[in-house]
Amino acid sequence: MRKPVYLLLLISAALYVGEQVVGVLELVIRSQQFSSANTGAMIGSSVMGVAFSVCIIGALYMVVLIPMMLGHNWGRVVGYVFASLGTLGAILNLVYLIGLPGPLWILNVGVELLFIGVNIAWIVVAAKTWEKPAAAPYPCPPLH
């Protein structure tokens, strides 16, 4: 049964979106502390950047999910690569967040830790539910 793999993949995607939303909310809260003509443009460009990255990352999640649902094991391999890179990026973001406390710091760190945990869980579950191709019988030469 591969349903936990799909569920973890969708949870990981939702946590990625959550990370981005929390980041934009923190930017909005921080920008209220400053009165500058550029804060509106900064928030607008951040929202557009987040929307663009969510679309791109969403497409990459589909590149993993659809082949896995069709039974192609290469989708799982691509998922390993993406989950590893996402976990590495989240760990680096945690290192960054440690030195930059803010109004939503706890929420940011919590979402990052959940994202890391779900990605690691996805890798473990995907490895345990790997469907190895059926071995072909010993090849016999064709009879003429």
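When reading the values below, keep in mind they use all heavy atoms of this one structure, side chains included, and skip hydrogens, waters and symmetry mates.
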*Asks:* Does Leu94 belong to the same Ile/Leu/Val/Met/Phe/Trp/Tyr cluster as Ile106, with side-chain heavy atoms less than 4.5 Å apart forming each link?
*Replies:*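 Yes, Leu94 connects to Ile106 through the hydrophobic network.
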*Asks:* Give, for atom OG of Ser45 and atom CG of Leu27, the distance between the pair rounded to the nearest 0.5 Å.
*Replies:*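 Answer for the OG-CG pair, Ser45 versus Leu27, is 8.0 Å.
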*Asks:* When clusters are formed by joining ILVMFWY residues with side-chain heavy atoms under 4.5 Å apart, either directly or through shared neighbours, do Leu60 and Met69 land in the same one?
*Replies:*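 Looking at the clustering, Met69 is in the same group as Leu60.
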*Asks:* Do Leu7 and Val64 belong to the same hydrophobic cluster, where Ile, Leu, Val, Met, Phe, Trp and Tyr are linked whenever their side-chain heavy atoms lie under 4.5 Å apart, directly or via other members?
*Replies:*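 Yes: a chain of side-chain contacts under 4.5 Å links Leu7 to Val64.
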*Asks:* Please check if the side chain of Thr129 supplies one atom and the backbone of Val125 the other of a donor-acceptor pair under 3.5 Å.
*Replies:*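 Side chain of Thr129 to backbone of Val125: a pair is present.
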*Asks:* Going by the angle between their ring planes, with limits at 30° and 60°, are Tyr16 and Phe115 parallel, tilted or perpendicular?
*Replies:*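 Tyr16 vs Phe115 ring planes: tilted.
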*Asks:* Can you tell if the side chain of Trp74 reaches within under 4.5 Å of the side chain of Val78, non-hydrogen atoms only?
*Replies:*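 Trp74 reaches Val78 side chain to side chain.
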*Asks:* When rounded to the nearest 0.5 angstrom, what distance separates CG in Asn108 from CD in Glu19?
*Replies:*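 Nearest 0.5 Å value for the CG-CD distance: 8.0 Å.
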*Asks:* Show your reasoning for whether side chain to side chain contact (heavy atoms under 4.5 Å, CB included) applies to Leu65 and Leu10.
*Replies:* CA-CA 9 Å; Leu65 182 64; Leu10 294 175; 4.2 Å; yes
*Asks:* Leu113, Val95: one ILVMFWY side-chain cluster at the under-4.5 Å cut-off?
*Replies:*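 Each belongs to a different hydrophobic cluster.
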*Asks:* Does any N or O in the side chain of Trp122 come within less than 3.5 Å of the main-chain N or O of Ala83, such that one atom is a donor and the other an acceptor?
*Replies:*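 Side chain of Trp122 to backbone of Ala83, a donor-acceptor pair under 3.5 Å: no, none is there.
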*Asks:* Within the side chain of Arg76, is there an N or O that forms a donor-acceptor pair under 3.5 Å with the backbone of Met68?
*Replies:*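 Answer holds: no.
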